[in-house]
*Asks:* 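Okay, here's the structure, questions in a sec.
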Amino acid sequence: MRFRRNARLDAGQVQDQRGLPGGRGLAVGGGGGAILVVIVLALLGVDVGGGGDPLSIGTGGSSATPANELSQTCRTGRDANQREDCRIVGVVNSVQAYWGHRIRGYREVPTRFFTGQTSTGCGVASAAVGPFYCPRDETVYIDLAFYDQLRSQFGAHGGAFAEAYVIAHEYGHHVQHLLGTDARVGGDREGPKSGSVRLELQADCYAGVWAANAVDTGFIEDLTRRDVADGLDAAAAVGDDRIQKRATGRVDPETWTHGSSASRQRWFETGYRSGDPRGCDTFAAGAF
């Protein structure tokens, strides 16, 4: 995935809070099983706090770019081709440019980079929960160290477009929030055909729709077959079945919240092939 060298980036769509204090270190009891539950519930998903106990697991921490530096370092597509943080700025710009023209009344929302843990409208969250969208403050959150974990912990190949898929998926949740689709889930949170799984698969489909239209947004120069393959690989890596198999050696579909690896790939590809969000109705009868 390459950005147009002269494309003008809007770093104002990203809040860089890496290296800033994130609050108190909190713990979740229950050992590895509890950590798995947190990751499965929040990885590439929705509300991590739910107004209850914070789901923070440790603090992490490393120094990084000062909060005001992105506007100085991430100015053009050339910068996006050279730096990971600028690349994410470019992806955020492209994704929001697409949805801004597609959804009437679309509201641009920020992505926030953080280190270790951060306070959100959905509670205190640690990097262990992975990237997520908080509907209460309409913000996408990500510790960029997740991309290393995507390769080392979840077995994905990685690559620039794998990173872009993650961001596009989270903005898919923002679209769902604007359209009121997230309200359809209610308490139907677990199972292979649950409302939660349908919501996640639709966000995957929306990510594919953006990918099909990414070049037309003016930020991205081209997407190759290898890029799309990297996106499909990342989608498979965070399937519930693969995460469960890696963590416990067994698969329990009745506890799924995000969908199987095959389903996540299929719905991303559905969006990519059609290029039309109207083809992403995972809530329709017969969608599964």
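Bear in mind that the values here come from a model prediction, so they are computed numbers and not experimental data.
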*Asks:* For the residue pair F132 and Y141, is the inter-centroid distance of their aromatic rings smaller than 6.0 Å?
*Replies:*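 Yes, the ring of F132 comes within the 6.0 Å limit of the ring of Y141, centre to centre.
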*Asks:* Answer yes if the side chains of T255 and Q244 hold a donor-acceptor pair under 3.5 Å, and no otherwise.
*Replies:*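 Checked: T255/Q244 side chains pair up, N/O donor to acceptor below 3.5 Å.
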*Asks:* So does L232 get a backbone contact from the side chain of Q265, meaning a donor-acceptor N/O pair under 3.5 Å?
*Replies:*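 A pair under 3.5 Å: yes.
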*Asks:* Do the side-chain N and O atoms of N93 and Q13 include a donor-acceptor pair separated by under 3.5 angstrom?
*Replies:*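 On atom types as modelled, these side chains qualify, holding a pair under 3.5 Å.
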*Asks:* Does the pair D85/R18 count as a salt bridge with the N-to-O cut at 4.0 Å?
*Replies:*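 R18 and D85: salt-bridged.
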*Asks:* Distance check, rounded to the nearest 0.5 Å: T111 atom OG1 versus Y133 atom OH?
*Replies:*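 Rounded to the nearest 0.5 Å, the OG1-OH separation comes to 11.0 Å.
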*Asks:* Nearest heavy-atom pair of P192 and E254: which atoms, and what distance?
*Replies:*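 Looking at all heavy atoms of both residues, the closest pair is CD-OE2, 3.9 Å.
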*Asks:* Please work out whether the ring planes of F161 and F268 are parallel, tilted or perpendicular, with thresholds of 30° and 60°.
*Replies:*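 Because their plane-to-plane angle is over 60°, the rings of F161 and F268 count as perpendicular.
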*Asks:* On the 0 to 90° scale, with breaks at 30° and 60°, tag the F146-F154 ring pair as parallel, tilted or perpendicular.
*Replies:*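 Tilted.
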*Asks:* Any non-hydrogen side-chain atom of R4 less than 4.5 Å from a side-chain atom of R78?
*Replies:*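 Sidechains of R78 and R4: no contact.
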*Asks:* Pick from Y171, W99, Y272: which one makes a ring pair (Phe, Tyr, Trp, His ring centres under 6.0 Å) with Y206?
*Replies:*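 The ring pair (Phe, Tyr, Trp, His ring centres under 6.0 Å) with Y206 is passed solely by W99 among Y171, W99, Y272.
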*Asks:* Between H173 and H169, is the gap from one ring center to the other below 6.0 Å?
*Replies:*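 Under 6.0 Å, so yes.
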*Asks:* If we only count heavy atoms from C-beta on, is the R264 to Y165 side-chain gap below 4.5 Å?
*Replies:*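 Contact flag for R264/Y165 side chains = yes.
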*Asks:* Would you say the side chains of D182 and H177 form a donor-acceptor pair under 3.5 Å?
*Replies:*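 Looking only at side-chain atoms, H177 and D182 do form a donor-acceptor pair, the distance falling under 3.5 Å.
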*Asks:* Main chain of G90, side chain of S94: is a donor-acceptor contact present, judged purely on distance under 3.5 Å?
*Replies:*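 Here the side-chain-to-backbone pair does not exist.
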*Asks:* Side chains of S260 and D241: any donor to acceptor distance under 3.5 Å?
*Replies:*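 Absent: no donor and acceptor within the cut-off.
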*Asks:* Side chains of V209 and R273, heavy atoms from C-beta outward: is any pair under 4.5 Å?
*Replies:*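 No. Closest side-chain heavy atoms not under 4.5 Å.
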*Asks:* Are any of the side-chain heavy atoms of V124 and T118 separated by less than 4.5 Å?
*Replies:*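 Side chain of V124 against side chain of T118, heavy atoms only: no contact under 4.5 Å found.
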*Asks:* Which pair of non-hydrogen atoms, one from C280 and one from G271, has the smallest distance, and what is that distance?
*Replies:*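 Closest approach of C280 to G271: SG-CA, 4.4 Å.
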*Asks:* Which distance, rounded to the nearest 0.5 Å, do you find between the CZ of F288 and the CZ of R266?
*Replies:*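 Interatomic distance, F288 CZ to R266 CZ, rounded to 0.5 Å: 7.0 Å.
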*Asks:* With distance as the sole criterion, is a donor-acceptor pair present between the side chains of W267 and E200 under 3.5 Å?
*Replies:*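 Judged by distance alone, the side chains do not pair up.
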*Asks:* Report yes or no: do Y98 and D216 form a side-chain donor-acceptor pair below 3.5 Å?
*Replies:*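 Distance-only check fails for Y98 and D216.
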*Asks:* Verify whether the ring centers belonging to Y106 and H174 lie closer than 6.0 Å.
*Replies:*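 Ring centres of H174 and Y106 closer than 6.0 Å.
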*Asks:* Can you give me the closest heavy-atom contact between D281 and Q202, atom names plus distance?
*Replies:*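 Residues D281 and Q202, closest heavy atoms: CA-NE2, 4.1 Å.
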*Asks:* Between the side chain of D188 and the main-chain N/O of S194, is any donor-acceptor distance below 3.5 Å?
*Replies:*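 Such a contact is absent between D188 side chain and S194 backbone.
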*Asks:* Do V109 and T139 come within less than 4.5 Å of each other through their side chains, counting heavy atoms only?
*Replies:*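 Contact flag for V109/T139 side chains = no.
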*Asks:* Tell me which one of D79, L9, V14 satisfies side chain to side chain contact (heavy atoms under 4.5 Å, CB included) with L70.
*Replies:*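 Looking at D79, L9, V14, the match for L70 under the side chain to side chain contact (heavy atoms under 4.5 Å, CB included) is V14.
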*Asks:* Mark yes or no: R87 above the aromatic ring of F3, with NZ or CZ under 6.0 Å from the six-membered ring centre and no more than 45 degrees from the axis.
*Replies:*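 No - R87 does not lie over the ring of F3 by the 6.0 Å and 45° rule.
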